[in-house]
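Counting starts at 1 for both ligands and their atoms, in listed order.
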Amino acid sequence: MRSRRTFIKKSAVVGAGITMMPSLVFGINSSVDKLKIGLIGVGLRGTNHVNNLLLRNDVLITAICDVDPVRISLNLDAIEKAGQKKPMVYGNDDYDYKNLLDLKEVDAVIIATPWLWHTRMAKDAMLAGKYTGVEVSAANTMEECWDLVNTHEQTGTHMMILENVNYRRDIMAILNMVRQNIFGELVHFRCGYQHDLRFVKFNDGKSAYGKGVEFGEKGISESKWRTQHSLLRNADVYPTHGVGPIAAMTDINRGNRFLSLTSHATKGIGLHNYIVENGGQDHPNAKLKFKQGDVITTTIDTANGETIIVTHDCNLPRPYSLGFRVQGANGLWEVDGNRMYIEGKSEPHRWDKADDWLKKYDHPLWIKYGEHAMGAGHGGMDFFVINAFVESAKQNIAPPLDAYDAAAWSAITPLSELSIENNGEPQSFPDFTRGLWVKRKPYNWIKETY
Ligand SMILES: NC(=O)c1ccc[n+]([C@@H]2O[C@H](COP(=O)([O-])OP(=O)(O)OC[C@H]3O[C@@H](n4cnc5c(N)ncnc54)[C@H](O)[C@@H]3O)[C@@H](O)[C@H]2O)c1
C-alpha cells in the first residue's frame with residue numbers, strides 16, 4: 001500500500017449507521033483509494049466496528065465472516081443501507097475465515113471473535129500479509145503471546161491491539177499531563193477492570209442482556225464463551241482496559257518494561273450467588289464450582305521503578321469503574337472521586353475537582369474530533385481506536401499499540417494465574433522485545449492526526 005495523505009476535513013452527515021455522527025472525509029484521494037477491510041467476528045463488538053467504519057469514506061468493507069448467520073444478515077443490512085457494495089461473506093465453519101484471508105480484496109482485517117480465537121486468527125492474518133487489528137485481550141497463554149511477536153517479526157506484517165480505553169478522553173488528557181511532566185517523575189499506578197458482568201456472563205439464550213442463568217451452548221453472545229474462563233481459570237483474564245493506558249503513560253516496551261508481578265485472588269462467591277438468586281438452588285449451574293476469585297489483585301513492577309496495581313472485579317454487584325490512579329513526584333489523579341492534587345498548584349492537602357485540569361489538558365485529538373467521536377460508542381473512544389487503526393493501515397506503518405504491547409499486556413493473564421496458583425509467588429515477564437525496549441523511542445502520543 002502506498003503512503004496516503006491523512007489530511008482530514010469535515011463533510012455532511014450521512015444517513016446511514018446507528019449514530020448521528022457526521023462522516024469525515026479522510027485523505028484527498030479517498031474516493032478512489034480506499035482501505036479494504038474484512039471483519040472476522042461480527043457479534044456485538046464487531047458490529048460496532050462495522051457501524052463506525054461505515055461512517056468513514058476512506059474505507060470499504062469488502063468481506064465479513066461470522067459463524068452465526070443472524071449476525072451476518074444484520075451486518076449485511078447495515079452495509080447495504082450505507083450504500084456500500086455487498087461484501088463477500090464467510091462463516092460456513094470455524095475455519096472459513098482463512099478463505100477471507102486469501103482475498104486480494106482485503107488489505108486489513110479486524111478480529112472481534114471470542115478470546116480463544118484471537119491469536120490463531122491474528123497469526124493467520126499476519127501470515128496472509130493483512131494489516132491486523134485484534135480485539136482485547138489478544139492472547140490467553142504465554143505461548144500465544146510469543147506467537148504474536150514471532151509472527152509479526154517473521155512476516156513484517158503489523159498488528160494492532162484495539163484497546164479503546166487508551167483513547168478515552170480523561171485518559172488522553174492525563175497522558176498529555178504526563179508528557180508535560182505535571183505529575184513529575186512517575187511512581188505508582190492503579191487500574192483494572194471493575195465491571196459487574198453477571199448480566200453478561202449469564203442470560204436466557206435469547207437476548208444478550210436478558211435475564212437467565214444460562215451460559216455455554218445454552219447462552220447467547222458473550223455468555224457463550226466468556227463464562228467458561230471464569231469456570232476454569234483463576235486469573236485476571238481481562239487486564240488490558242486497565243493496563244493499556246498505564247503502559248502508554250509509562251512507555252512500556254519503549255524505554256521501560258514490565259519486570260514481574262504477584263497476584264492474589266479472593267474466594268469466588270459472586271457467580272454462584274447470582275445463579276441461586278436468579279435460577280434457584282436446584283438449577284444445574286448452581287452445582288458448578290467457578291475457579292475464578294471475585295477480586296483479583298495483581299501488582300506489577302516496572303524496570304523504571306514504578307508499581308502498577310491491576311484489579312479484576314467482575315462477579316460482584318458494583319458500579320463500573322476502571323479505578324485509575326496516576327501518581328508522581330508532584331501529585332496524583334484518581335478517577336474515583338474525580339480528583340487531582342498537584343503540589344504548588346492545589347491548595348495544600350486538599351483535592352481539586354479533576355474537571356478543570358482535564359479540560360485544560362484536553363488532548364489535541366479530542367479537541368479536534370471530540371464532537372464527531374461522541375456517537376461512536378463507549379463515550380467516543382471507539383472512534384479514535386478505529387481511526388488509529390485505519391490511518392496506520394492506510395500508510396502500512398507501525399500502529400500506536402503493537403504486537404509487543406499486545407504480548408506484554410496479555411501476558412498478565414497466564415502470569416497472574418501462575419502466581420495465584422503458587423500463593424502469590426512473583427512471576428517474571430519475558431522481554432518480548434528481546435532487548436530492544438532499551439533503545440525503542442517513546443511513542444509520540446501528542447499529535448492531531450491519530
Ligand atoms: N474493547 C471493548 O470495549 C470491547 C467491548 C466488547 C467486547 N470486546 C471484545 O471483542 C471480542 C468479541 O466480543 P463480543 O462482545 O462481540 O462477543 P460476541 O459473542 O457478541 O461476538 C463474537 C462473534 O464471533 C463469532 N465467532 C465465533 N467463532 C467464530 C469463528 N471461528 N469464525 C467466525 N466467527 C466466529 C460469533 O458467532 C459471534 O458473533 C472479545 O474479545 C471481547 O473481549 C471488546
Side-chain angles (χ1 to χ4, degrees), residues 38-52 63-76 88-101 109-125 133-140 144 160-168 171 193 195 197 199-203 205-210 215-217 219-230 236-245 312 314 320 322 376-386 388-389 401 406 409-410 413:
L39 290 105
I40 307 176
V42 285
L44 293 183
R45 186 67 181 152
T47 299
N48 186 256
H49 290 320
V50 165
N51 287 321
N52 281 326
I64 57 172
C65 174
D66 200 296
V67 288
D68 181 349
V70 176
R71 303 306 306 176
I72 291 285
S73 84
L74 207 135
N75 279 280
L76 284 179
M88 278 168 271
V89 170
Y90 298 89
N92 287 332
D93 60 49
D94 273 340
Y95 294 91
D96 208 11
Y97 74 88
K98 292 189 178 203
N99 292 316
L100 180 151
L101 294 177
V109 291
I110 290 179
I111 297 162
T113 45
W115 299 336
L116 293 181
W117 284 103
H118 285 186
T119 301
R120 183 189 293 260
M121 288 171 169
K123 225 176 119 175
D124 287 341
V134 64
E135 260 303 336
V136 296
S137 285
N140 303 275
E144 285 191 341
M160 175 167 170
I161 176 165
L162 299 173
E163 182 46 75
N164 48 348
V165 182
N166 279 58
Y167 294 89
R168 210 169 87 171
I171 290 297
Y193 193 58
H195 190 184
L197 288 182
F199 296 88
V200 172
K201 290 188 183 183
F202 301 102
N203 53 46
K206 295 189 193 93
S207 67
Y209 304 112
F215 70 99
E217 282 307 305
I220 191 173
S221 193
E222 291 205 2
S223 77
K224 248 183 157 32
W225 52 269
R226 188 177 194 134
T227 319
Q228 199 71 10
H229 293 262
S230 310
D236 182 338
V237 294
Y238 208 52
T240 72
H241 285 328
V243 91
H312 183 272
C314 300
Y320 177 92
L322 298 189
H378 288 114
M381 58 190 174
D382 290 350
F383 163 80
F384 291 104
V385 72
I386 284 298
F389 175 73
L401 311 171
W409 308 353
S410 303
T413 298

### Query
Would you call K98 and D93 a salt bridge, using N to O less than 4.0 angstrom?
no

Nearest neighbour in protein (non-hydrogen) for [atom]:
atom                    : answer
atom 1 (N) of ligand 1  : N164 OD1, 3.1 Å
atom 44 (C) of ligand 1 : E135 OE1, 3.2 Å
atom 30 (C) of ligand 1 : M121 CE, 3.6 Å
atom 5 (C) of ligand 1  : R45 CD, 3.4 Å

Could you tell me whether some N/O pair between [X] and ligand 1 is separated by less than 3.5 angstrom?
X   : result
V42 : no
D66 : yes
D93 : no

Would you mind running through ligand 1 and noting each atom that sits below 4.0 Å from a heavy atom of [X]?
X    : result
S221 : 18 (P), 19 (O), 20 (O)
W117 : 28 (N), 31 (N)
T113 : 11 (C), 12 (C), 24 (O), 34 (N), 35 (C), 40 (C), 41 (O)

With a cutoff of 4.0 Å, is [X] in contact with ligand 1, counting heavy atoms of the residue only?
X    : answer
Y95  : no
Y238 : yes
P114 : yes
K224 : no
H241 : yes

### Sole residue of N51, D66, T47 in side-chain hydrogen bond (donor to acceptor under 3.5 Å, both in side chains) with N75
T47

